[in-house]
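One structure below.
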Amino acid sequence: VVTYSSLIYGLCKIGKISEAGDLLKEMREIGLVPDEVTYTTIVDGFCREGKAGEAFKLVERGVVRNASTFNALIKGLCKAGKFEEAKVLLKKMGKGGLAPNDVTYSILIDRFCKEARLREAFDLRDEMLERGIVASVFTYGALIHGCCKVGQMEEADKLLKEMLKKGLAPNCIIYTILISGHCRKGNFEEVFKLRDEMLKRGIAPDTVTYTAIISGLCQANKMVEANTVLNEMQERGVLPN
RNA sequence: CGAGACAAGAUCGGU
């Protein structure tokens with residue numbers, strides 16, 4: 001089952017869903033029983049192609065499922081712009097014995113943030129906490145990114161402090177989001193402060209982080225500084241692209 | 001007991 005699921009995953013990733021479906025048939029024919037992971041892979045494959053309807057059909061056929069299956073569906077609905085339906089599905093999950101988890105909320109929060117519906121995103125965050133679901137690095141990443149996108153850097157910085165206070169370790173991605181946000185505001189003092197802070201915590205900036213800094217400096221006509229950062233990046237063995 | 005699925009970042013390009 002793991003072998004076939006892996007193959008199905010590979011096909012879905014390159015958009016060959018119908019061939020993935022053939023493999024699903026084939027595995028059944030040789031007596032293998034597809035499990036939750038197998039079906040979630042296909043559900044997500046449909047959703048990636050914008051075929052949330054097909055994904056729903058599969059799930060409604062009563063195949064085995066778990067929270068991840070619904071998470072993939074919720075993501076598919078959001079991608080199709082069906083945010084209200086996604087919220088309805090979230091409510092159904094709660095009742096159907098399959099509890100939403102941190103991934104469920106992280107997906108929704110991320111999609112609402114990307115729609116600039118921050119209010120609803122934060123409401124979802126409150127809701128998840130009320131239900132005793134712990135916000136993960138992904139949840140914070142989505143929220144911080146949302147704040148940065150609308151230029152609310154104070155709120156974004158507050159979220160970083162909040163995660164530190166909770167003992168949740170920020171990673172390279174969290175810092176990159178914040179750095180990119182401050183770059184867009186031209187606040188390079190804060191940008192370098194964050195870079196120092198991440199180094200102090202033993203988090204290595206990667207190509208994406210450095211590209212954010214260099215791109216920001218270039219847009220602000222700070223070419224000398226940009227060059228310095230390029231050198232720093234190369235000295236640290238991070239490859240430019 | 002482990003192996004396969006769903007969630008967050010820069011730039012550029014396509015529509």
Side-chain angles (χ1 to χ4, degrees), chain A residues 1-13 20 23-24 27 32 34-48 50 52 55 59 63-79 86 89 93 98 100-114 121 124-125 128 133 135-149 156 159-160 163 168 170-184 191 194-195 198 203 205-219 226 229-230 233 238 240-241:
Chain A
V1 178
V2 175
T3 315
Y4 269 93
S5 297
S6 301
L7 287 165
I8 287 170
Y9 174 63
L11 288 171
C12 286
K13 216 169 49 172
L23 272 187
L24 181 65
M27 71 184 285
L32 294 173
D35 64 8
E36 296 90 333
V37 175
T38 319
Y39 287 116
T40 301
T41 305
I42 295 192
V43 164
D44 186 57
F46 277 128
C47 290
R48 277 176 198 279
V59 174
V63 301
V64 286
R65 65 192 79 177
N66 60 20
S68 297
T69 320
F70 280 92
N71 292 346
L73 273 179
I74 286 176
K75 186 186 70 173
L77 287 172
C78 290
K79 276 183 75 173
L89 195 54
M93 272 182 90
L98 279 178
N101 56 25
D102 58 313
V103 177
T104 319
Y105 277 98
S106 296
I107 291 170
L108 282 162
I109 288 171
D110 176 53
R111 299 331 289 209
F112 276 101
C113 280
K114 291 206 163 100
L124 283 162
R125 195 265 315 251
M128 81 185 276
I133 301 166
S136 71
V137 184
F138 288 89
T139 320
Y140 277 98
L143 284 170
I144 293 173
H145 189 244
C147 292
C148 288
K149 201 177 141 183
L159 285 164
L160 172 66
M163 53 186 303
L168 195 60
N171 58 19
C172 177
I173 293 184
I174 297 290
Y175 278 106
T176 305
I177 295 168
L178 284 161
I179 284 173
S180 159
H182 283 295
C183 277
R184 256 186 290 162
V191 166
L194 285 164
R195 183 218 33 198
M198 66 189 291
I203 302 161
D206 63 10
T207 304
V208 177
T209 318
Y210 278 115
T211 305
I213 300 175
I214 290 172
S215 163
L217 287 168
C218 288
Q219 278 174 22
V229 174
L230 175 65
M233 156 179 203
V238 181
N241 64 13

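Note on naming: letters A, B, ... go to the chains in the order of the sequence lines (proteins, then strands), and numbering restarts at 1 for each one.
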- [ ] Assign A:Thr69 to base, sugar-phosphate, or nothing according to its heavy-atom contacts below 4.0 angstrom with the strands shown.
- [x] nothing
- [ ] Scan side-chain atoms only and decide if A:Thr38 and A:Thr41 contain a donor-acceptor pair under the 3.5 Å cut-off.
- [x] no
Open item on the list: Mind checking if A:Thr209 touches a base, just sugar-phosphate, or nothing, with heavy atoms under 4.0 Å?
Closed with: base
- [ ] Please work out if A:Arg48 contacts a base, only the sugar-phosphate, or nothing of the nucleic acid, heavy-atom cut-off 4.0 Å.
- [x] sugar-phosphate
TODO: Mind checking side chain to side chain contact (heavy atoms under 4.5 Å, CB included) for A:Ile173 and listing every partner two or more places apart, or none if nothing turns up?
DONE: A:Asn171, A:Ile177
TODO: Please round to the nearest 0.5 Å and tell me the distance separating atom CZ of A:Arg195 and atom NE2 of A:His182.
DONE: 14.5 Å
TODO: Please list, in 5' to 3' order, the outermost nucleotides of RNA chain B lying under 4.0 Å from any heavy atom of chain A.
DONE: B:A3 to B:U11
- [ ] May I have the step-by-step check of salt bridge (charged side-chain N to carboxylate O under 4.0 Å, His left out) for A:Asp110 and A:Lys75, ending in yes or no?
- [x] CA-CA 10 Å; A:Asp110 176 53; A:Lys75 186 186 70 173; over 6 Å; no
Open item on the list: Any donor-acceptor pair under 3.5 Å linking the side-chain atoms of A:Asp206 with those of A:Thr209?
Closed with: yes
Open item on the list: Using a 4.0 Å heavy-atom cut-off, does A:Thr211 contact any base of the nucleic acid, only the sugar-phosphate backbone, or nothing at all?
Closed with: base
- [ ] Answer with base, sugar-phosphate or nothing: what part of the nucleic acid does A:Val43 contact at a heavy-atom distance below 4.0 Å?
- [x] nothing
Open item on the list: For a quick check of understanding: with a heavy-atom distance under 4.0 Å over all strands, which category does A:Thr207 fall into, base, sugar-phosphate or nothing?
Closed with: nothing
- [ ] Assign A:Lys13 to base, sugar-phosphate, or nothing according to its heavy-atom contacts below 4.0 angstrom with the strands shown.
- [x] nothing
Open item on the list: Counting the atoms with a prime plus P, OP1 and OP2 as sugar-phosphate, which does A:Cys12 contact under 4.0 Å by heavy atoms, base, sugar-phosphate, or nothing?
Closed with: nothing
- [ ] Would you classify A:Phe138 as touching base, sugar-phosphate or nothing, given that sugar-phosphate means primed atoms plus P, OP1 and OP2, and contacts are heavy atoms under 4.0 Å?
- [x] base
TODO: Give a yes or no answer on whether the side chain of A:Thr139 reaches the backbone of A:Ser136 with a donor-acceptor pair at less than 3.5 Å.
DONE: yes
